[in-house]
Every structure is written in C-alpha cells, then in structure tokens.
2 protein chains.
Amino acid sequence: MQPDDLDARLVQLLTDHPQLPILECARRLGVARGTVTSRLARLQAGGVISAIVPQVDPAGFGYDLVAFCSVDIIQNIGHEPVTEAILAAIPEVTDLYTVTGDHDLHLRVVARNGQDLQDVLDRISQLPGVARTSSSLALRTHIQGRTLPLLHAVTDSTS
Amino acid sequence: MQPDDLDARLVQLLTDHPQLPILECARRLGVARGTVTSRLARLQAGGVISAIVPQVDPAGFGYDLVAFCSVDIIQNIGHEPVTEAILAAIPEVTDLYTVTGDHDLHLRVVARNGQDLQDVLDRISQLPGVARTSSSLALRTHIQGRTLPLLHAVTDSTS
DNA sequence: GGTGAAAGGTCATTAAG
DNA sequence: CTTAATGACCTTTCACC
C-alpha cells in the first residue's frame with residue numbers, strides 16, 4: 001500500500017507519544033477521530049504497521065553485548081534444518097537471515113559479556129549442519145530498527 | 001534489572017494479545033490488578049520494555065528487499081562524521097553499528113528492488129569518508145528482532 | 001466494590017476525487 | 001460513482017477512591 005503524509009505524521013506522533021489517545025491524535029493532526037481510526041486500521045491491514053506490542057530490549061536485563069555471526073553450512077545439508085536448529089536451540093539469536101556472498105547465514109546475537117558471547121558462539125558452532133562460523137563484535141549501536149525517516153522520505157516525495 | 005517469570009508471562013500475554021486490558025491480564029495471570037500495573041511500570045522504568053509503539057515495516061510500503069553492507073572508513077577520519085552522514089543522508093539504512101573485524105561499519109539497508117538497492121549502495125559509497133563498501137543480499141528473513149525466547153530462558157533458569 | 005470519566009466501535013451524512 | 005472524512009451516538013472499560 002501507499003501511505004501518505006497524514007499516515008507518516010500519525011505514526012510519528014504515536015512514536016513520540018506512545019500512549020496518546022486517538023482523540024488527542026485527531027486533535028493534533030487536525031482531523032476527525034474516525035479518520036485516525038480508519039487510518040490506523042488501514043496501516044495495520046496493509047502491513048505498514050506490523051504490530052503495536054511491548055518492545056523487549058535484552059540490554060534491559062543484562063544482554064548488552066551485540067555481535068554478528070556468519071555461518072557456513074555443510075554443503076549437502078539444506079538450510080532449513082540448520083536454521084530451525086539455531087532458532088530452537090539458541091535464544092540469544094535475535095535475527096537470522098539467509099544471505100548471498102561468502103557465507104550462508106547471517107545472524108545477530110546478544111550476550112551478557114565476552115565469556116557469555118564465546119559460549120553462545122560455541123553452541124552455534126556445535127550445532128549439526130554448521131561447518132564454520134565467524135563473528136564480529138558490535139562496538140557501538142548507532143541506530144537499530146529505524147524506519148520513520150524512510151516513511152517520511154516516501155510520503156514527502158509522493159505528495 | 002532482573003525480570004521474573006511473571007514478567008515474562010505478562011509480556012508474552014501482551015505480545016499475543018496486543019490490546020488486552022490490564023484487568024484481563026491480571027485475571028489470566030491470576031494476580032491482582034495493581035500487580036500488573038506495577039510490573040509494567042517497573043519493566044518500562046528498568047528498560048526491559050523500551051517502548052510500546054507502532055512497528056513500521058518497510059516491506060509494507062514496497063521496501064521488501066533487505067541487504068547488509070560493510071563499510072570501510074578512510075583511515076584519518078573519525079567514525080562520527082561518517083556515521084552521522086549516513087544516518088542523515090540515507091533513510092534506507094535501518095541499522096548501523098560500529099564493529100570489529102575486517103570492516104568498520106555494519107549496516108542493514110532496505111530497498112524496493114535490485115536497481116533501487118544498487119542506487120542506495122552507490123549513495124553510501126559516495127559519501128565523504130567512505131573508502132569502500134561490500135554487501136550481501138538477504139535471500140530470506142527467518143527471524144528478526146525476536147527477544148521473547150531469551151526473556152523466557154532467563155526467567156526459567158532464574159526461577 | 002462503586003463511581004466518574006474517557007476511550008473505542010459504529011453509523012449515517014456529507015463532501016470530494 | 002467510489003472513496004474518504006466528519007460528527008455524534010452509544011456501549012464498554014479503565015483508573016480512582
């Protein structure tokens with residue numbers, strides 16, 4: 001679907017003020033309450049808004065280390081068994097992608113400290129189907145999961 | 001902070017049923033209403049719950065291509081100017097990390113299609129301070145931003 | 001547990017593309 | 001003619017005491 005400028009401003013407003021009532025949103029955007037309601041419904045139906053749920057941050061309970069890990073898979077094994085094994089066995093894996101390039105899988109993992117990270121990477125390496133892993137530590141997270149600038153860019157160029 | 005099993009079940013409940021009233025949460029968890037309220041407040045204050053906001057999914061408005069890009073920075077330039085330039089100029093960058101290893105920065109970018117992706121990568125390459133980029137395309141997103149399994153693992157071993 | 005107040009869902013009307 | 005916005009009604013629910 002194609003969101004417009006009003007959609008972008010609505011999402012921005014809700015992002016800045018998480019629990020702002022719909023009536024207040026309508027007031028600040030200068031539209032009727034029903035408009036805000038229908039827009040929200042349309043955004044959710046269209047998949048632009050995937051969910052409105054509590055965002056759990058692992059750093060909040062000690063997992064403040066982030067690393068990226070590339071996994072090579074043993075040749076004659078499919079991707080599925082390996083990805084399923086990783087997802088099932090390693091809760092520290094927050095993101096898992098099949099990628100092109102030098103390696104097969106790309107994952108983002110979190111850990112409590114260096115020792116814990118080594119343990120996590122070891123557990124991944126020892127999973128059946130995993131041939132080799134290589135990793136790099138995130139020294140600093142400049143931004144993570146930002147999407148609003150893109151949404152604004154799209155709606156600005158549209159209007 | 002250290003969340004316990006009740007915290008994990010509360011977050012799980014709210015994740016499964018996004019707009020479940022607090023009273024209903026208390027009923028299903030078998031605790032008093034005030035308990036749920038105070039738990040939620042504590043989780044937010046402690047940073048375990050970072051926010052409860054609409055999750056914007058770029059795939060919802062056409063950006064269904066995901067790629068990872070490694071950036072090498074020109075030696076005598078600091079990281080800050082480059083990261084700031086990237087964040088300011090390229091809205092397609094959703095994640096940006098300073099990392100250890102063969103490269104300096106690790107980013108996640110989204111695009112509308114292959115041609116659009118090439119354009120995005122070109123724009124990154126041409127930013128001042130960027131020496132070189134290399135990228136890999138995500139063929140499949142198995143999981144992204146999952147944290148609940150980790151939360152459950154932590155609280156299970158704690159209890 | 002009771003009470004005041006506000007939020008959200010629904011609908012008919014109206015304006016606009 | 002289709003689509004969307006408006007404003008008001010009504011029911012339900014929440015937070016407070």
Side-chain angles (χ1 to χ4, degrees), chain A residues 1-57 60 147-159, chain B residues 1 3-64 91 112 147-148 151 155:
Chain A
M1 71 164 290
Q2 187 73 301
D4 66 0
D5 184 59
L6 180 62
D7 293 316
R9 283 190 294 143
L10 173 59
V11 174
Q12 181 75 57
L13 194 62
L14 283 173
T15 302
D16 294 339
H17 311 279
Q19 281 161 351
L20 203 65
I22 291 184
L23 182 62
E24 183 62 25
C25 293
R27 201 169 296 141
R28 298 197 189 186
L29 295 174
V31 296
R33 188 172 61 94
T35 305
V36 175
T37 306
S38 62
R39 288 305 183 103
L40 272 178
R42 215 181 53 179
L43 287 171
Q44 285 191 274
V48 176
I49 291 179
S50 55
I52 306 181
V53 294
Q55 308 245 33
V56 176
D57 182 7
T147 48
L148 261 60
L150 183 59
L151 180 58
H152 281 294
V154 169
T155 57
D156 283 355
S157 63
T158 301
S159 60
Chain B
M1 71 166 286
D4 67 359
D5 184 59
L6 180 60
D7 293 317
R9 283 190 293 143
L10 173 59
V11 174
Q12 181 75 57
L13 194 61
L14 284 173
T15 302
D16 294 339
H17 311 279
Q19 280 162 351
L20 201 66
I22 291 182
L23 182 64
E24 182 62 24
C25 292
R27 202 170 294 140
R28 299 198 189 186
L29 294 173
V31 297
R33 292 155 285 193
T35 306
V36 174
T37 306
S38 62
R39 287 304 183 106
L40 273 178
R42 213 182 56 180
L43 287 170
Q44 285 191 276
V48 175
I49 293 179
S50 56
I52 307 181
V53 294
Q55 305 250 40
V56 176
D57 182 7
F61 50 96
Y63 287 77
D64 55 354
R112 279 180 283 238
T147 49
L148 262 60
L151 180 59
T155 57

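Values below: all heavy atoms of this structure, side chains included; hydrogens, waters and symmetry mates excluded. Note on naming: letters A, B, ... go to the chains in the order of the sequence lines (proteins, then strands), and numbering restarts at 1 for each one. The structure displayed is predicted, hence computed values, not measured ones.
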Legend entry - Inter-axis angle, terminal five-pair segments of the helix from dG1(C)-dC17(D) to dG17(C)-dC1(D) [nearest 10°]: 30°
Legend entry - For Thr37(B), all residues meeting side-chain contact (heavy atoms from CB on, under 4.5 Å), sequence neighbours excluded: Ile22(B)
Legend entry - Stretch residues 27-44 of chain B: residues that reach within less than 4.0 Å of DNA chain D through a heavy atom: none
Legend entry - Pro18(B): partners by side-chain contact (heavy atoms from CB on, under 4.5 Å), with sequence neighbours left out: Val53(A)
Legend entry - Integer-rounded Å distance: dA4(D) C1' and Leu6(A) CG: 11 Å
Inset, instruction - Working to the nearest 0.5 Å, report the span between CG of Leu14(B) and SG of Cys25(B). - result: 4.5 Å
Inset, instruction - Using side-chain contact (heavy atoms from CB on, under 4.5 Å) as the criterion, list what pairs up with Gln12(B), not counting sequence neighbours. - result: Asp16(B), Leu148(B), His152(B)
Legend entry - Contact interval (first through last nucleotide) of DNA chain C with protein chain A, 4.0 Å heavy-atom: dA7(C) to dG9(C)
Legend entry - Any pair counted as ring pair (Phe, Tyr, Trp, His ring centres under 6.0 Å), so long as it reaches residues 40-60 of chain B, sequence neighbours left out: none
Legend entry - Contacts of Thr35(B) that satisfy side-chain contact (heavy atoms from CB on, under 4.5 Å) - sequence neighbours left out: Leu6(B), Val31(B), Ala32(B), Arg39(B)
Legend entry - Pairs meeting criterion side-chain hydrogen bond (donor to acceptor under 3.5 Å, both in side chains) with involvement of residues 44-55 of chain B, two or more places apart: Gln55(A)-Gln55(B)
Inset, instruction - Kindly write out the residues that satisfy salt bridge (charged side-chain N to carboxylate O under 4.0 Å, His left out) with Arg42(B), not counting sequence neighbours, or none if the list is empty. - result: Asp7(B)
Inset, instruction - Would you list the pairs meeting ring pair (Phe, Tyr, Trp, His ring centres under 6.0 Å) in which at least one residue belongs to residues 28-63 of chain B, sequence neighbours left out? - result: Phe61(B)-Tyr63(B)
Legend entry - Contact list for residues 28-49 of chain A, test ring pair (Phe, Tyr, Trp, His ring centres under 6.0 Å), sequence neighbours left out: none
